[in-house]
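For reference, the structure discussed in these notes is given below.
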Amino acid sequence: MNKARFALLLTLILVFPMIISFGSANIRPQQMAATLPATSPVEKSAASKTFGIIYPMTYPTYEMITKDATEYAGKHNITLIVNAPDEANTEQQIRIMENMIKQHVDGIAISPVDAAALTPVIDAAQAAGIPVITFESDVPSSHRIAYVGADNYRTGQQFAMTTTRLLHNQGMILVENGLEEMQGLQQRLNGFIDYIRSETDIEILEVRYHQGNEDQAMSDMENMIQAHPHFNAIIGLDFVSVSASTLIWKAKGLNRHLIAFGDSPTSENGLLNGQLSAVISQNEGVWGTKMMETLLLASDGVPVKEFIDTGIIEINQEGSKLRCCPLVMKMTGGQHLLNFRTRSYYIRSSKCFSRKMNFF
């Protein structure tokens with residue numbers, strides 16, 4: 001009996017540490033698993049960004065820019081907050097931007113209606129550690145870190161050069177513009193007028209502003225056509241004018257030159273249908289990507305270029321794009337011509353088409 005008890009006691013002494021050991025092995029992994037998620041969400045949060053885009057108003061061309069930005073954002077863990085006044089309105093833009101500052105977004109891109117009025121709120125965002133970039137129209141007096149787009153004064157000059165070529169340096173023209181207080185549009189108009197008056201024999205009959213309202217743009221053009229029936233061309237310097245003018249051309253069956261702004265489905269259809277003679281573009285299709293790239297770098301504290309130049313091109317009825325970017329002119333001594341029907345690419349010198357190569 002004593003031997004049996006002694007054997008049982010010896011067995012318990014040998015087995016008990018193993019029970020304790022196996023119990024500890026089961027508990028420890030659970031404790032470790034409970035501590036692992038503490039680092040993972042922090043790393044994910046640090047990698048994600050929230051950027052805001054503020055347009056001057058709602059309009060189909062801006063939807064194209066949003067689509068481009070959204071595609072880039074989806075590949076880089078970026079959340080987008082896109083907003084705009086229903087109609088161009090400086091006070092609403094200011095309120096939208098103030099709300100984004102309160103939301104502590106990581107960066108803001110804005111196309112400002114009124115540069116002077118928006119300067120204080122842009123500076124407030126920068127002071128809060130939120131990098132701000134402008135696009136389409138600039139606010140150089142503010143603390144914005146960069147501008148995405150093209151030189152608007154040179155864009156106006158390109159409008160004038162295209163007009164001069166189409167009219168053979170003579171004739172009478174009507175001009176429709178957008179927001180009178182928008183700095184970029186005013187620069188565009190100034191570049192156009194300065195070139196026409198100093199370099200051509202063309203007469204500007206009238207200039208009107210539709211203030212971002214498409215119905216007003218149509219009314220303006222119809223009234224100008226009625227007042228000046230012998231005009232040779234209408235020049236639309238902004239996004240809204242292109243859709244209004246093509247509708248008028250279609251309704252009236254006009255056989256005059258119509259030159260518009262912005263590479264969009266509306267302008268492409270206008271060219272194909274013969275309503276538009278030419279379109280001047282700042283390559284708006286890449287604005288969204290350029291805006292996101294710039295904000296992503298800036299939000300990480302990486303220095304960025306102050307002027308992200310997207311260049312200036314002319315698109316004409318022959319299906320060609322005449323590139324007018326200063327860098328290209330400097331590199332080639334001529335102008336680039338892209339024919340997107342034949343997918344071929346030319347360089348135009350002062351004398352002839354000197355070289356051809358594949359573009360796509």
Side-chain angles (χ1 to χ4, degrees), residues 50-74 78-97 99-100 105 107-115 118 122 132-139 144 146-150 152 155 176-179 181-185 188 209-217 236-247 260-270 279-295 308 310-313 315:
T50 299
F51 295 149
I53 301 177
I54 305 174
Y55 295 114
M57 58 193 168
T58 57
Y59 201 70
T61 303
Y62 295 124
E63 294 175 8
M64 175 185 71
I65 298 168
T66 299
K67 181 181 178 182
D68 184 47
T70 302
E71 289 176 358
Y72 182 92
I78 296 169
T79 300
L80 283 183
I81 302 174
V82 181
N83 211 333
D86 293 332
E87 295 183 357
N89 186 289
T90 301
E91 289 73 23
Q92 285 189 37
Q93 272 200 320
I94 291 172
R95 286 197 293 271
I96 291 169
M97 193 158 186
N99 285 334
M100 287 187 180
V105 297
I108 299 172
I110 182 169
S111 174
V113 172
D114 187 323
L118 280 155
I122 290 174
V132 178
I133 65 172
T134 55
F135 64 97
E136 185 180 11
S137 184
D138 197 11
V139 189
R144 62 97 179 101
Y147 165 66
V148 175
N152 279 301
T155 301
E176 183 71 16
N177 205 1
L179 301 164
E181 64 272 34
M182 195 169 191
Q183 180 171 293
L185 292 180
R188 211 174 291 168
Y209 296 88
H210 56 68
Q211 294 301 113
N213 186 300
E214 189 171 348
D215 291 338
Q216 184 61 50
L237 295 174
D238 71 300
F239 292 134
V240 175
S241 296
V242 62
S243 54
S245 58
T246 52
L247 287 172
F261 177 76
D263 187 2
S264 66
T266 301
S267 61
E268 288 178 7
N269 288 334
V279 171
I280 307 302
S281 168
Q282 296 180 347
N283 293 295
E284 300 81 16
V286 303
W287 282 4
T289 293
K290 295 297 183 183
M291 287 153 51
M292 294 299 101
E293 287 176 346
T294 306
L295 284 177
I308 292 86
T310 57
I312 305 164
I313 59 174
I315 313 169

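Along the sequence shown, residues carry numbers from 1. Since we're looking at a predicted model, the values are computed, not measured.
- Between the side chains of Glu136 and Gln282, not a single donor N or O lies within less than 3.5 Å of an accepting N or O.
- The shortest distance between side-chain heavy atoms of Ser241 and His210 falls below 4.5 Å.
- In plain terms, the two heavy atoms of Pro112 and Ser137 that are nearest each other are CD-O, 3.0 Å.
- Using modelled atom types, one finds a donor on one side chain and an acceptor on the other under 3.5 Å when comparing Glu214 with Ser243.
- Partners of Glu91 by side-chain contact (heavy atoms from CB on, under 4.5 Å), not counting sequence neighbours, listed by chain and number: Asn89, Arg95.
- Residues passing the ring-ring contact (aromatic ring centres under 6.0 Å, His included) test with Tyr147 are Phe307, sequence neighbours excluded.
- Scanning all heavy atoms of the two residues, the minimum distance from Ala217 to Val240 falls at CB-CG1, 4.4 Å.
- Judged by distance alone, the side chain of Thr310 and the main-chain N or O of Gly149 form a donor-acceptor pair under 3.5 Å.
- For the residue pair Pro56 and Leu179, the shortest heavy atom distance occurs at CB-CD1, 4.5 Å.
- Asp114 places none of its side-chain heavy atoms less than 4.5 Å from the side chain of Gln93.
- Summarising the geometry, atom OH belonging to Tyr72 is positioned 7.5 Å from atom OG1 belonging to Thr289; distances are rounded to the nearest 0.5 Å.
- Within the model, atoms OG1 of Thr66 and CD1 of Ile53 stand 5.5 Å from one another, a figure rounded to the nearest 0.5 Å.
- In this structure, the side chains of Glu268 and Val279 stay at 4.5 Å or more apart for every pair of heavy atoms.
- Remark: Glu293 CD to Ile133 CD1 distance equals 10.0 Å, nearest 0.5 Å.
- Partners of Asp238 according to the salt bridge (Lys or Arg N to Asp or Glu O under 4.0 Å) rule, which considers only residues two or more places apart in sequence or in another chain, do not exist here.
- Shown here for Ala115 and Val139, the closest heavy-atom pair between the two residues is O-CG1, 3.5 Å.
- With sequence neighbours excluded, the residues forming a ring-ring contact (aromatic ring centres under 6.0 Å, His included) with Phe261 are Phe239, listed by chain and number.
- In this structure, the side chains of Ile65 and Met291 come closer than 4.5 Å at one or more pairs of heavy atoms.
- Between the side chain of Asn152 and the backbone N or O of Arg188, no donor-acceptor pair lies under 3.5 Å.
- The heavy-atom pair separating Leu237 from Leu185 by the smallest distance is O-CD2, 3.9 Å.
- For the atom pair NZ of Lys290 and OG1 of Thr294, the computed distance is 7.5 Å after rounding to the nearest 0.5 Å.
- To the nearest 0.5 Å, atom CD1 of residue Ile315 and atom CG of residue Asp263 are 3.5 Å apart.
- Residues Met100 and Ile96 meet the side-chain proximity criterion, which asks for heavy atoms closer than 4.5 Å.
- Distance check, rounded to the nearest 0.5 Å: CD1 of Ile94 to CG of Asn99 gives 12.0 Å.
- Looking at residues two or more places apart in sequence or on another chain, you find a side-chain hydrogen bond (donor to acceptor under 3.5 Å, both in side chains) between Thr134 and Asp138.
- Scored by the ring-ring contact (aromatic ring centres under 6.0 Å, His included) test, Phe135 finds Tyr55 as partners (sequence neighbours excluded).
- A donor-acceptor pair is defined here as one N or O able to donate and one able to accept, closer than 3.5 Å; no such pair exists between the side chain of Asn283 and the backbone of Val286.
- The minimum heavy-atom distance linking Gly212 with Met57 is given by the pair O-SD, 3.5 Å.
- Proximity of a side-chain donor or acceptor of Thr79 to a complementary backbone N or O of Thr50 within less than 3.5 Å is not detected.
- Within the 3.5 Å criterion, the main-chain N or O of Gln211 finds no donor-acceptor partner in the side chain of Glu87.
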